[in-house]
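Following: one structure in structure tokens, then a few remarks.
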Amino acid sequence: MMKFLQKLGKSLMLPVAVLPICGLLMGIGYALCPSTMQGGSVTGLTQIIGFLLVKAGGALIDNMQILFVIGVAVGMADEPDGTPALAGLASWLMIQQLLSTGVVSTIMPNVVDGTTEFLAFSKISNPFIGILCGLIGAFAYNRFKNTQLPDFLAFFSGKRFVAMAAAVISIVASVILLFVWPLVFGALVALGNGIASMGAIGAGLYAFFNRLLIPIGMHHALNNVFWFDTIGLGDLTNFWAGKTSADVSWSLGMYMSGFFPCMMFGVPAAAAAMIATAKNKKAAAGLLISTAICAFVCGVTEPFEFSFMFVAFPLYVVYAVLYGIFTVITYYTGFRAGFSFSAGATDLVFSASLPAAEKTWMIIPLGIGAAVVFFVVFYALIKAFNFKTPGREDEDENTDAEKKVVLANNNFTEVAAGVLAAVGGKDNVKNVEYCATRLRFEIKDYTAVDEKAVKAAGAAGVIRPSKNACQVIIGTKVQFVYDELKKML
């Protein structure tokens, strides 16, 4: 299971890497054109540029789930191929169509506007469904890429059959989700109703579950309870409507304010802890610095969160707990700010002039506190439990000496054949992958591995991390040897 999650986490790195620049574009755009956030006309060259930047960033941020479809489909497939991406996209389009509110309300007349079920299916376009469709695409590719059909259907054999298989699987998945999705969504709405009357503790619980549910995209269920007027709250809508706590029955802004110190200061500090503990600091910094800036400027935290939530889920749970704790602390300090997009510096500045905003200067001490706590907690836990956060993956364990290894033989086909024979042959290999310098075998019988034969094949050596794992050091030309090896397997 852990191996699956680690591979899933790696698959998300490519689409996640696209998102920080989009968040920065939106933050700059909002600063140049506040009317895109606050309403009003767009006039003048500066505002037009800002408007375009917001729309450019939103083009990918708002469609993040589709990026996940493609990234997961390609990353989880047995080979790097475009076919699983096409299959994943076919799955996405199928599920989005079959579970759209229009289709669902037609086949289930009780699902009408205003019901929890209708709200659930209106939120079917989310990262969880994107990841699910990507997995369907990868599964269809891995399972059906070599399918041979009768001669009269031969045109649809092999890879052409993959997208068709994914579409059929998606119909089955849609039928299951038709009944399961509204139940889960409704349960979360009920949870929100239950904690809404618990004051500061309820706000903390809401913040905790908001972050905890990000991986499956179900945080929208809670958001609708607390931010909008689903049960008579509407913390966000009332805040931006210019009301104050005197106009409502709760401390206005209490369900948004706690996110500011966490997103603006906590996330950058957690990113710094990841960089500090990384084995490959350059690779970690390349990704995490941009995610930290993105979180601070405009509160887009998904690039940071998806970089580690699957490979270090216990750490992600602690991350969610910290949001809950700081939301409670923020409530009692009296700091109140709101957001219409997310809890970044841009929204903080724009919301500071609204009537419900209070003690916005408190973001400095709260932010410093969040930065210290997030850094210490992340640093300690990553070190203690060896979580595979960015820069600490197995690929980053390759030494500088390994990267200087030169193959004794540049005939990659010959090297691959020799290595395969040395690890016990095709029948002894359950799976093989590669990283920066090594072929990473999952084998059946460790006694069948002949280390001398591996070196005779042209490799530099063998590492055996466990009885079922065997790593052959090839050097920086490992991809070419891997490509030939896969053909033989």
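In what follows, residues are counted from 1 in the order of the sequence shown.
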Checking side-chain contact (heavy atoms from CB on, under 4.5 Å) against Phe308, which of Leu288, Leu315, Ile382 comes through? Leu315
Ring-face cation contact, Phe480 with Lys477, 6.0 Å cut, 45° max: no
So, do [X] and [Y] sit near enough that their side-chain heavy atoms are less than 4.5 Å apart?
X	Y	value
Val478	Arg438	no
Phe335	Phe260	yes
Leu132	Leu177	yes
Phe239	Ser351	yes

Are Glu305 and Tyr319 close enough that a side-chain donor and a side-chain acceptor fall under 3.5 Å? yes
Tyr206 and Asn223: side-chain donor and acceptor closer than 3.5 Å? yes
Tell me which one of Trp240, Trp227, Phe350 satisfies ring-ring contact (aromatic ring centres under 6.0 Å, His included) with Phe339. Trp227
Sequence-distant partners of Glu302, salt bridge (charged side-chain N to carboxylate O under 4.0 Å, His left out), two or more places apart: none
How many angstroms lie between CD1 in Ile195 and CZ in Phe209, if you round to the nearest 0.5 Å? 6.5 Å
So, the side chain of Thr346 versus the backbone of Val297: is there a donor-acceptor pair under 3.5 Å, distance only? yes
Do side-chain atoms of Tyr255 reach the backbone of Ala196 as a donor and acceptor pair under 3.5 angstrom? yes
Plane angle bin for Phe326 and Phe374 - parallel if under 30°, tilted between 30 and 60°, otherwise perpendicular: tilted
In terms of relative ring orientation, are Phe313 and Tyr316 parallel, tilted or perpendicular, with 30° and 60° separating the classes? parallel
Between Thr291 and Val300, does the side-chain contact (heavy atoms from CB on, under 4.5 Å) criterion hold? Intermediate values first, please. CA-CA 8 Å; Thr291 66; Val300 175; over 6 Å; no
Using a strict cut-off of less than 4.0 Å between a Lys/Arg side-chain nitrogen and an Asp/Glu carboxylate oxygen, indicate whether Asp78 and Lys486 qualify as a salt bridge. no
Using 4.0 Å as the upper bound for N to carboxylate O, is an ion pair formed by Arg336 and Glu358? no
